[in-house]
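I have placed the structure first, in the form of structure tokens, so that the comments after it can refer back to it.
Remember, it's a predicted structure, so these values are computed and weren't measured experimentally. These values consider heavy atoms only, across backbone and side chains, with no hydrogens, waters or symmetry-generated copies. Letters A, B, ... mirror the listed sequences (proteins, then strands); counts begin at 1.
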Amino acid sequence: MHDELTALAERLAAAGERPGAPCPDPVNAAMIRNWTQALGDPGDWSRCAPPAMIQVWSMQGLAAADAAGSVADGPLRLLNEHGYTGVVATNCEQTYDRYVRVGERLRSSMRFGGVAGPKKTAMGEGYFVTWYQSWYDAAGERVAEMLFRVLKFKPRARRAAPSAGGRYPLRPAIGPDTRFFWDGVDAGELRVQRCADCGTLRHPPGPMCPACHSVKRDFVVASGRGTVHSYVVHHHPPVPGRTPPYVVAVVELAEGVRIVGNVNGCDPADVTVGMPVRLVFERMDDELTLPQWVPADLPDPDPDPAPEPRADALAVPLTPTFVIATALATRDFTPVHHDTALARAQGSKDIFLNILTTMGLVQRCALAAAPGAALRSIAVRLGVPAYAGDTLTLTADRTGPDTLAVRGAVSLGDHVTATVHLTASGGPTDEEDAR
Amino acid sequence: MSGLSGKAAVAGIGATEFSKESGRSELRLAAEACLDALADAGLAPADVDGLVTFTADANSEIAVQRELGIPALRFFSRVDYGGGAACGTVAHAAMAVATGQADVVVCYRAFNERSGHRFGQASPSQRADSTGLEFSWHLPFGFATPAAWVAMHARRYMHEYGATSEDFGRVAVAMRAHAATNPRAWFHGRPITLEEHQASRWIVDPLHLLDCCQESDGAVAIVVTSAERARDLPHPPAVIRAAAQGTGPDQMMMFGYYTGDLAALPAMRTVGDALWRQSGLTPADVRTAILYDHFTPFVLIQLEELGFCGRGEAADFVRERGIGLAGALPLNPHGGQLGEAYIHGMNGIAEAVRQVRGTAANQVDGVEHVLVTAGTGVPTSGLVLGPA
């Protein structure tokens with residue numbers, strides 16, 4: 001496969017740029033207004049289009065399926081056929097030769113870049129596939145170029161098939177005698193039933209105290225400290241919703257009762273009988289949270305108190321409306337950006353931000369940090385998905401006279417890290433105006 | 001000795017072939033096994049007035065009655081808690097016979113456990129009845145298979161007593177050695193070595209594949225009648241010297257993790273105490289035993305709970321005294337569920353009857369009384385069978 005892929009990549013790269021196709025619409029005020037409203041961009045884009053919008057002009061919209069395929073289709077298909085079924089975008093780099101003006105008609109063309117691999121990555125073994133897209137004006141002058149790179153990988157552990165609608169399939173039955181426990185989990189508490197008469201603690205709970213036969217019950221909130229009393233590592237058979245190997249343990253709480261849960265956050269081989277663990281809450285889907293365990297000495301990924309957000313940070317609440325409106329304003333109709341059920345069925349937690357919007361938000365953050373500047377280029381490395389329901393917090397730091405480092409973080413980690421090159425003054429717009 | 005001891009006997013045993021795909025309905029398997037057992041007993045369906053099966057069985061007593069053309073039933077009963085029911089069915093039958101509620105009771109278990117619904121696969125339960133609520137403290141964590149539930153006990157047993165995976169493996173090796181010379185066994189002619197056990201893949205660490213019993217299609221039936229009537233039937237009766245069911249404190253359906261000792265099986269202690277009390281026998285009086293072997297670690301713990309050795313001594317017992325055909329206490333001479341077939345423990349009762357009759361493929365010398373146990377980790381049951 002490797003040799004076949006290399007030969008195909010060389011052939012495609014040698015073929016150079018495919019003839020350009022006209023963009024569906026001229027650069028127009030209506031699409032720009034949709035875009036700025038959806039992204040919350042405060043800039044004045046009455047004469048020229050936001051540079052980060054460049055790819056929007058060549059998007060085919062809902063007709064995308066009928067449009068000519070990408071130059072990378074051949075290598076991507078070959079990789080798919082050989083088990084590299086996973087795909088994740090890793091890089092998007094846009095260089096702006098000049099800003100484009102309202103009314104201009106653009107053409108767009110693509111050329112294949114290359115493949116690199118196989119590489120061992122966090123996602124699994126894979127190949128990086130790179131291609132380029134360029135935009136030209138009516139005179140045939142290039143106005144922008146974009147590098148796009150994806151990682152095609154062999155998914156490392158076969159994930160159990162997600163259930164319909166992305167709902168975690170292993171759900172507890174809840175009855176009148178156990179509801180308080182699950183209500184507690186939803187409230188971020190591990191509740192242990194206590195007999196309201198004799199004080200005996202009991203887990204799992206029940207309607208009558210086996211010690212004094214009282215039916216009066218309340219509960220204590222567990223400290224969340226415990227030790228592993230026994231544990232197993234599940235390998236086989238496949239369990240819906242779970243990815244083996246995983247650890248199940250009987251945890252003895254500091255309060256003296258025992259409870260079953262998963263031990264997460266460490267290699268199964270590092271779990272031992274007697275190991276101290278502490279409580280965490282794992283959100284399985286929109287409705288179900290489970291009380292779980294991690295090694296007691298595992299650093300808290302969410303330290304408390306949370307660090308104060310920077311005053312100059314741009315916090316973008318990723319409401320479903322935001323995710324969907326921006327996807328559509330960038331003419332991106334891929335269902336994972338607007339159809340929650342379908343996104344979950346494909347293994348995502350929820351719908352998530354599309355890359356064209358990420359580029360636009362990086363632009364917005366950079367221009368807020370350097371008012372009046374013009375953009376020469378944006379080069380982004382993509383990280384974790386920015387899911388609906390999260391908040392994307394963007395910060396910009398000057399790293400040179402004409403460069404900014406932009407970082408966009410969500411609760412899962414960095415969604416984007418970008419380098420933005422600026423023209424401090426007299427940017428492409430002014431040059432155009434001077435002509 | 002209790003009022004039940006010696007009152008009833010097993011007069012007939014029957015079975016289908018043991019396979020991975022029977023190719024026929026579970027009801028047909030049940031009917032075939034019952035008819036086979038009645039023929040073995042020298043009785044006809046018209047003689048039957050009682051039927052007992054597992055709560056888990058898919059074939060109702062009246063469905064089996066219809067297929068066999070039994071004119072009327074005076075006694076029918078089911079026993080719950082999975083494989084823990086096995087000896088319980090015979091206990092119920094013996095009580096019915098001893099009290100005159102029935103004259104001839106057939107106990108049966110029939111399933112396509114390999115080609116149909118497999119117990120080894122995860123099966124989420126969402127009912128909010130008492131059993132569903134028990135499962136709800138476990139299933140959401142992917143703690144969803146019998147192997148995993150037993151492995152939790154096994155890990156603690158290893159921790160407390162220093163038992164090793166090889167100690168579990170010696171049980172599997174002995175069972176497969178027995179099956180190798182039992183023509184009825186699925187693994188006839190296919191013994192294993194300890195090295196093969198150790199090299200077999202993880203199912204749920206600390207359990208390897210070869211710690212887990214096979215999955216089978218098939219059916220077994222047992223005919224119980226009064227000891228007196230059994231004397232007039234073709235085979236020497238296997239008299240029920242003791243029959244008991246049992247649970248332990250804070251008993252759950254397979255999840256005895258919350259109070260007490262995970263390295264123990266208190267329900268089997270309850271059953272064992274009752275069996276010795278009813279029969280007036282001691283472990284020293286048993287020449288061979290059929291211990292339920294769905295997973296190897298529980299064979300070790302059963303040896304302790306039943307008094308064949310002290311707490312934590314079973315690994316030494318197996319290594320030093322031996323559970324093979326030449327050992328001090330041959331266990332499961334038919335090869336058990338690890339080697340012969342997994343018919344939810346009912347094939348073990350049939351083997352105990354053959355050992356009492358002296359007709360087993362791997363007949364142990366000098367057998368008088370045979371102890372049989374049912375599924376463990378769940379509420380369980382046991383029998384002591386002996387000659388008339």
Name the region of [X], side chain, backbone, both or neither, that has any atom closer than 4.5 Å to a heavy atom of chain B.
X        : answer
A:Pro291 : both
A:Ile259 : backbone
A:Tyr231 : both
A:Gln292 : side chain
A:Val257 : neither

Kindly assign one of parallel, tilted or perpendicular to the pair B:His294 and B:Phe298, based on the angle between their ring planes and the thresholds 30° and 60°. tilted
Pick from A:Pro210, A:Gly175, A:Gly274, A:Ala249: which one has the most heavy-atom pairs with chain B under 4.5 Å? A:Ala249
Can you tell me which of A:Val247, A:Thr272, A:Thr178 forms the most heavy-atom pairs within a distance under 4.5 Å of chain B? A:Thr178
Which atoms of B:Thr259 come close to chain A, meaning under 4.5 Å heavy atom to heavy atom: side chain ones, backbone ones, both, or neither? backbone
Residue from B:Phe255, B:Tyr257, B:Trp202, B:Trp137 scoring the most non-hydrogen pairs under 4.5 Å with chain A is B:Trp137
Heavy-atom pair count under 4.5 Å with chain A, highest-scoring of B:Met252, B:Met158, B:His159: B:His159
Do the side-chain N and O atoms of [X] and [Y] include a donor-acceptor pair separated by under 3.5 angstrom?
X        : Y        : result
A:Tyr168 : A:Arg242 : yes
A:Tyr84  : A:Glu125 : yes
B:Asn112 : B:Glu26  : no
B:Arg109 : B:Asn347 : no

Counting distance only, does the side-chain N/O of B:Ser381 pair as donor-acceptor with the main-chain N or O of B:Gly84 below 3.5 Å? yes
Below 4.5 Å, heavy atoms only, C-beta onward: do B:Glu113 and B:Arg118 meet side chain to side chain? yes
